[in-house]
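Right, one structure below, let's go through it.
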Amino acid sequence: MPQVDEKFEFDYSIPNTLLIKISGDWHISEGLLSESLVSAEFSSHPDIKQVNFSVSQDLKWDSGLIAFLLKLIKECTQKNIQVAREGLPPEAQKLLALALKVYEKTPSHPKSKESFFEECGGKVLQIGESMAHELNFLGDIAVSSFRLFTGRVFFRWDDFMLLIKRCGVDTLLLVSLISLLVGMILAFVASIQLKMFGAQIYIADIVGIAMVRVLAAVMTGIIVSGRIGASFAAELGMMQTNEEIDALKTLGVSPVEFLVLPRVLALVLMMPILTIYADLMAILGGFLISVWLFHLNPVEYLNHTQLAVKISYVWIGLIHSFVFGVIIAIAGCLRGMECDRSAAGVGEAATSAVVSAITGLVIATAIITFICQVLGV
């Protein structure tokens, strides 16, 4: 005999099958029914192998019915009871299928372990593809630069002036602090050996030559890499995520010409200025330590600095800064342009831009130093 409840009825007319007839108001505002009522039927009829459904014409339902059916289907799955959803409303069947997909476990296929030579070959191919993409990007920048000199380039000059401000004025405070402290530290380190011979006055020579020739450009490059290079990568990465770069391509505007070239120009123009400023702040740091702590004559310190620092050293530092500006701008823009379209991709692009820029700075410093050594400069 069928067993009746307020909202459903149990029918055992088919052997080993439980037919649940659903009717009434199943809106969630009426309260959710527990599946324990059906579980009790499973306990009293252990021979049940399948559950079918049928619905009445007066059925009213929303997510409350879906929540009840979802719990019931999970319990049937645990007890190896098949559930036929054909008798349910079509809309309810679609919602159930969508909800159950969350709980489906995709069988993981064990990856075949690659041999050492296969891994090496894959890495080589990956490096080759990356180098080809980077050379293509450099080629686009070169073409845009040529168009700039011929007067056919298109970008907003207001945005360019804003980039000049960001790369220059907004970075001065950080460059001032770091350069001043590095000059002080270098003076302290130099004094450890020089005071053994009473030659503290040569602190001026060491600080002046080291900072003007290499260190000021390197420290400025590291600061700009973390501040400007990462911001370039994040900006272009967000534009890539929001499909703004695709929109520019659709409008026939070159993203390299409109977005990358202004950033490269702004950083290349401001890096030498920041380096000269860092030179002065580092010499000031060494001056303060030497005069206040080691009681050196201020005029004599400045005279030693003037004699030690040759104009060729200044040009070497400016060459460093120019090369560093190119490396930082290209690294930041490249990582931003190839960013994955997700929030995690933007973060990875910013991190990769800083790492690539600093690595490039160290390599460029070694190459320029070697060339200067060979040329005897």
Side-chain angles (χ1 to χ4, degrees), residues 101-146 218 221-250 253-261 263-264 267-268 320 323-371:
K101 278 190 175 298
V102 179
Y103 301 95
E104 290 180 357
K105 293 185 178 180
T106 304
S108 58
H109 301 285
K111 294 183 179 179
S112 56
K113 187 177 180 180
E114 295 181 345
S115 65
F116 172 76
F117 295 103
E118 288 177 336
E119 291 183 1
C120 291
K123 292 294 183 182
V124 170
L125 292 176
Q126 185 177 0
I127 292 173
E129 293 177 358
S130 177
M131 291 182 63
H133 180 68
E134 292 171 2
L135 290 175
N136 186 37
F137 187 73
L138 291 175
D140 291 339
I141 294 177
V143 171
S144 299
S145 301
F146 177 76
V218 171
I222 292 174
I223 294 169
V224 172
S225 297
R227 194 181 192 286
I228 305 300
S231 71
F232 284 176
E235 286 176 357
L236 296 181
M238 282 302 300
M239 295 181 73
Q240 183 81 331
T241 303
N242 296 333
E243 299 183 353
E244 296 176 42
I245 294 178
D246 293 339
L248 288 175
K249 293 178 181 178
T250 304
V253 178
S254 170
V256 174
E257 182 178 308
F258 189 75
L259 299 174
V260 176
L261 186 60
R263 286 167 169 79
V264 175
L267 201 51
V268 167
H320 276 89
V323 174
F324 292 170
V326 174
I327 292 174
I328 296 168
I330 290 178
C333 295
L334 174 63
R335 300 309 176 193
M337 295 289 285
E338 63 183 14
C339 169
D340 293 335
R341 301 189 178 187
S342 63
V346 174
E348 291 175 0
T351 303
S352 178
V354 176
V355 174
S356 301
I358 294 178
T359 304
L361 297 189
V362 175
I363 296 174
T365 303
I367 294 174
I368 296 174
T369 304
F370 177 76
I371 293 174

- Hey, could you give me the CG/SG distance between Leu236 and Cys333, rounded to the nearest 0.5 Å? 5.0 Å

- Return the minimal non-hydrogen interatomic distance between Ser145 and Leu261, and the atom names on each side. OG-CD1, 3.7 Å

- Specify the closest pair of heavy atoms between Ala357 and Ile327, including all atoms of both residues, with the distance to one decimal. O-CG2, 4.0 Å

- Note on the structure: Rounded to the nearest 0.5 Å, the CD1 atom of Ile141 sits from the CD1 atom of Ile330 at a distance of 4.5 Å

- Roughly how far, to the nearest 0.5 Å, is CG of Asp246 from CE of Met239? 10.5 Å

- Task: Over all heavy atoms of both residues, which pair between Gln240 and Gly336 is shortest? Give the atoms and the distance, please.
- Result: CB-O, 4.1 Å

- Message: For Ser231, give me all partners under side-chain hydrogen bond (donor to acceptor under 3.5 Å, both in side chains), at least two apart in sequence or on another chain.
- Response: Arg166

- Going through the checks in order, is the side chain to side chain contact (heavy atoms under 4.5 Å, CB included) test met by Leu361 and Ser225? CA-CA 9 Å; Leu361 297 189; Ser225 297; 3.8 Å; yes

- Between SG on residue Cys339 and CE on residue Met238, distance to nearest 0.5 Å: 9.0 Å

- Tell me, please, which residues at least two apart from Glu348 pass salt bridge (Lys or Arg N to Asp or Glu O under 4.0 Å). none

- Query: To the nearest 0.5 Å, how far apart are CE in Met337 and CG in Asp140?
  - Reply: 8.5 Å

- Message: Can you give me the closest heavy-atom contact between Gly332 and Ala353, atom names plus distance?
- Response: CA-CB, 3.8 Å

- Note on the structure: Heavy-atom closest pair (Val323 atom, Ala364 atom, distance to 0.1 Å) is CG1-CB, 4.1 Å

- Step by step, would you call Val224 with Phe324 a side chain to side chain contact (heavy atoms under 4.5 Å, CB included)? CA-CA 9 Å; Val224 172; Phe324 292 170; over 6 Å; no

- Note on the structure: The side-chain hydrogen bond (donor to acceptor under 3.5 Å, both in side chains) partners of Thr241 (sequence neighbours excluded) come to none

- Closest non-hydrogen atoms of Ala230 and Val354, given as atom of the first, atom of the second and distance, are CB-CG2, 3.7 Å

- Item | Qualifying side chain to side chain donor-acceptor pair (under 3.5 Å) pairs, either residue in residues 353-367, two or more places apart | Arg335-Ser356

- Query: Quick one: does Val143's side chain get under 4.5 Å of Val256's, heavy atoms only?
  - Reply: no

- Message: Quick check for you: to the nearest 0.5 Å, what is the distance between Ile245 atom CD1 and Phe258 atom CZ?
- Response: 11.5 Å

For residues 119-136, run the donor-acceptor check on the side chains, cut-off 3.5 Å, and write out each pair with its distance to 0.1 Å, sequence neighbours left out.
residue : atom : partner : partner atom : Å
Ser130  : OG   : Glu134  : OE2          : 3.4
His133  : NE2  : Glu338  : OE1          : 3.4

- Query: Among all residues two or more places apart in sequence or in another chain, which pass the side-chain hydrogen bond (donor to acceptor under 3.5 Å, both in side chains) test with Asp340?
  - Reply: none

